[in-house]
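Predicted, not measured: the structure shown is a model, and the values here were computed from it. Just so we're on the same page: letters track the sequence lines, and every chain starts at 1.
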Amino acid sequence: MKQHEKSSLRYLLKHPVQLILSIIGVAIGVAVVISIDISSNSAMKAFELSMDGITGKTTHIIYGSPAGIPDSIFFFLKLNKKLNKIAPIVEKNIITQTNPPFTLNLLGVDIFAEKDFRDFIENADISAGEIYGKLLSVSNSVLVSHSFSEQTGKSIDDTLKVKHGGKYYILNVVGILKDRNNPKKYESLAITDISTAKQIFLMDSLLSRIDLIIDEKSKYDENQIAKILPENVQLTRSETRTKISTQMISAFNLNLTAMSLLALIVGMFLIYNTMTFSVVQRRRHIGLLRSLGITRREIFTTVLLESLAIGLIGTIIGIFLGILLGNYLLGLVTQSINDLYFVITVREIYISQETILKTVIIGILATVISALKPAYESTKTPPRLVVLRSFAESKYKRRRFAMILYGLGSISLSILIFAVSGKNVLFSFIGVLPLMIGFTFFTPAFVIFFSNIIKPFSKKAFGAIGAMAAKGLANSLSRIGIAISALAISLAAAIGVGTMVNSFRITVVNWLETRLQKDIYISVPTLISRFNDATIPEGLDTLLTKLPEIKNITLYRELRITEGNNMIHLIGSSFPEDPSTMYVFKEGNPNDIWQKLKQGEVMVTEPYSYRTNKGVGDSVEILTDRGLKKFRIAGVHYDYGSDIGLIFMEIETYRKFWDDRKLSGIGLFLKKDYDVQETINKIRNLMGTDQEIIIRSNKDLLNSSIEVFDRTFIVTNVLQILAIVVAFIGVLSALMSLQLERTKEIAIYRANGMTPGDIWKYLNLQTGIMGFIAGILSIPLGNILALVLIYVINKRSFGWTLQFSIIPELLIEAVIVGVISAILATIYPAYKMSRISPSLALREE
Amino acid sequence: MPNIIELINIHKSYKEGLSVYDVLKGININLTQGEIVILLGKSGSGKSTLLNLISGIDLPDKGDIIVDNLNITKLSEQNRTLFRRKKIGFIFQFFNLIPTLTVEENLLLPYELNYKNTNGFNKKAKELLDEVGMLSRLKSYPDILSGGEQQRIAIARALIHNPDIILADEPTGNLDYENGKAVINLLDNLVRKNNRTLIMATHSQEVIGIADRILQIKDGSIQPLNTNQ
Ligand SMILES: Nc1ncnc2c1ncn2[C@@H]1O[C@H](COP(=O)(O)OP(=O)(O)O)[C@@H](O)[C@H]1O
Ligand SMILES: [Mg+2]
């Protein structure tokens, strides 16, 4: 190490508090990024693994309506066409009544067809012959995984109570599945005989799908099979099916990543802050090195190397922190995926080398980028020993208007990035950085302006010291400006995220209130909160129409289908009354949409339209029981229920194209004079107890929907809190550097007769004002950030338009947090400085 | 004998806000190798400014500075720094040792910059420290040393890389009489022994005994010495 590098390093080590704070700042920023990556990767990995267990060696899948495809197709292929590698599957999710409860994928299989497809028979810890015997002879027999058995204590000959579609069933465990190489593979899988599954899931003569293996030895190739299939089913490769599922949550993951980057950006400001301070404080030191013949370039590399060291250490610590945090977030992320998309069980985190590598690069890059400007500034230090501080300050003051121009330039750059980034969410997010930087350029002008305003008040309230505190701000702008900017940025991040979540919530609540107009909603418990696919008992609708209380009844059927390579929701619904008050349209004429729906057209949600670029007049092509059919889009409506697209059709249309008369839900309007709660009780008595049914008033449904909404935002809230923590550390470090550096100034005050108490008051008052200014500055920036999150990041991730609302509580909170954190950060330095001996002022220079 | 330093019609002014201070208004000086020159002048007369120009830290508004046949006013910032690193040894009023480096490391800094390696450093450092009487403080950090001791280290640092020119800016300004005198004697000895050129700025006349030549700077130009002052 060169001497000048050594001296710089020792300089950093001599200010351990600041050094540690900036390392922590990097560490938390990095931890947030990696933890999100780890938790969503772990979820995906668990999903893929369970898909592997289910898919086995299957190369192709025949699927049709999600309600089921006729098993006659299977018999036709197996018996008439003599396909030999073919397996019928009935598949649904069940919840076990165990401790802990598991959500299992219950796979009903034809045990004799299985050996070519899945290897669980070889891996079971009883012989193949026994499995065949038991699965066929024992009623309701099931094979469960070894890890399920270990965690729940259920083993061979035990009974297992499970729940599906609101009903309970007793299964008998007859064998344990175990894959020695890959113990997690079968974790969320249970195997039963296909006839048992058909019985449980009420799929008489229906199959969920048919698995095929098509290879060189097969009698028919892919195209030939596709041709002989009836038009109500389709053939796809098995990996396509997996891809469709994983793609479903890609927007969700992307949005989380974008949010996690916000914490990193705040962390970057922290580094910027620390490095700038350490450079400013070392002006004299650097000037000395320069006069001894150290070149600008050498100074630049030294500062950059320092930041690299901080970045590296911070990143390493951050990775460890991130793994811990990832463990915690994993539960929340999994919960959200279960609420919104599909059922997965994730019990352990998965950390790939790629994730680590990516994080190291991001962490170090972020640090170095943030240090570029301070490093560059440091080279500007004149090789002079008497650095005229007042000169630097007056230059800073004079340049404040030029800086406003730079700020506007930087903001324009971010607008440009938003404009050209199109649908690319991460690229759009990069635009946040110049936006924030742009705002920091306004700080000097604002501080001067504001300290002038506040001076008379401060003087009135706190006397001469009050006036000094306000005036002192403008006189040490070069450092104070940075600290205020850092604080404002952090507070703005908190306001931005908070406002976004609140606006989202307000939008969703409004939407739900418009949509949920019926008095009573009936459905069956489902595993995925946002997806109602379970079916209510047959005949319930006719039963209900006979009740005297009922004015009219809405039938509702929801399914998940694929359109091309996208998973979408399909809803068939009846509209007994004019529904135009329930829907708000973005495109299409609300007055004739109902007519068009009756004629067989569909309406789609905003996210669907955004993702597919389709609007009114375009059409949707989906597989029905009558083959591939096109439906014209009559309208695009606002909907916040699901970010995976949703197609809405009249239930008569649905029933015309699908051979499925089951229902997912019923909505009821009551006649006047009937009480909602009484009617609910009456229906409940009518239903008996063996079928669990959810009968809710619209208020209850509203509340439980909001509950799900809030749950999906827990992760965001955690990220927001972490961003605030990083922010607070930033403030702490900025203010501490600032204060400790003023030792000399304070010593002079002391020498001139200020008491320790005066110093204490002076410093706290001054930082309090700083916090207040930062709070005020953060209000516009925070709201602009919220606008960006809402209209750029969220819109581009999910495709929905949220109504931006200013949340006054958050703004007031920001100012209070600003003042409090500023004062908190000053306590230690103020304490130290109020004890400075005035003799210091008389020593040297 | 050829001139090692030629200052030709040097002008330098500072702007502060809208007003302009003319500090140097046409300075002409020639120095030959091995000369010891004292630059005398009141505080604020422009002595430091002149030294900064000679070392290439600053550029004149007008005029040429030729050091060892090289016009340094025509050099880039980078090359001026490299020039300074090689040719100049600086001694300051406030010693300006680097507080985070030990005495030895402070000496190593300019040595390493010039020779790119540490061969021969130990011998040279010991020799010099012995000459300034500080050999025992090799591993100390400068802030525990007294002012006089620090300045002796600073002298050793200014000489360690064998620069042709030593610039000393009020080297005794912060020392008591005894220490000041010791430092001046050291400088005198070491500079003469190695045939270096020394320019020492000072506002006191006590040190002029060692000078080959005395230049007085007043009202921005070199003026005849008025000993009655
Ligand atoms: N960087 C600077 N900016 C503005 N004025 C300066 C600067 N450096 C020196 N001066 C002014 O130039 C004059 C000469 O300063 P200096 O050369 O330091 O004098 P001396 O070293 O003789 O005491 C003084 O009036 C001083 O205020
Ligand atoms: Mg001077």
Can a donor-acceptor pair be found, under 3.5 Å and without considering hydrogens, that links the side chain of B:His11 to the backbone of B:Ile27?
no

Region of B:Glu105 in contact with chain A, defined by heavy-atom distances below 4.5 Å:
both

If the plane angle is over 60° it's perpendicular, under 30° parallel, otherwise tilted; pick one for B:Phe92 and B:Phe90.
parallel

Please determine, among B:His161, B:Arg80, B:Lys86, B:Glu77, the option with the most heavy-atom pairs under 4.5 Å with chain A.
B:Glu77

Positive for side-chain contact (heavy atoms from CB on, under 4.5 Å) with A:Ile313, one of A:Leu19, A:Val26, A:Ile23:
A:Ile23

Considering only heavy atoms, which portion of B:Arg157 lies under 4.5 Å from any heavy atom of chain A: side chain, backbone, both, or neither?
side chain

Can you say whether A:Leu9 sits under 4.5 Å from chain B via the side chain, the backbone, both, or neither, judging by heavy atoms?
neither

Taking the ring centre of each residue, are B:Tyr14 and B:Tyr21 less than 6.0 Å apart?
no

With a 4.5 angstrom heavy-atom cut-off, could you sort out which part of B:Gln93 is near chain A: side chain, backbone, both or neither?
neither

What I'd like to find out is whether the side chain of B:Leu145 reaches to under 4.5 Å of the side chain of B:Val103, using heavy atoms alone.
yes

B:Leu70 backbone acceptor or donor facing B:Asp68 side chain under 3.5 Å:
no

Engaged part of A:His4 at the chain B interface, taking heavy atoms whose separation is under 4.5 Å
both

If you count heavy-atom pairs under 4.5 Å between each of A:Leu289, A:Ile294, A:Leu13 and chain B, which one has the most?
A:Ile294

Is B:Leu51 close to chain A through its backbone or its side chain, or both, or neither, when contacts mean heavy atoms under 4.5 Å?
neither

Can you tell which part of B:Leu113 gets under 4.5 Å to a heavy atom of chain A, answering side chain, backbone, both or neither?
side chain

Would you please indicate if the ring centroids of A:Phe446 and A:Phe450 are separated by under 6.0 Å?
yes

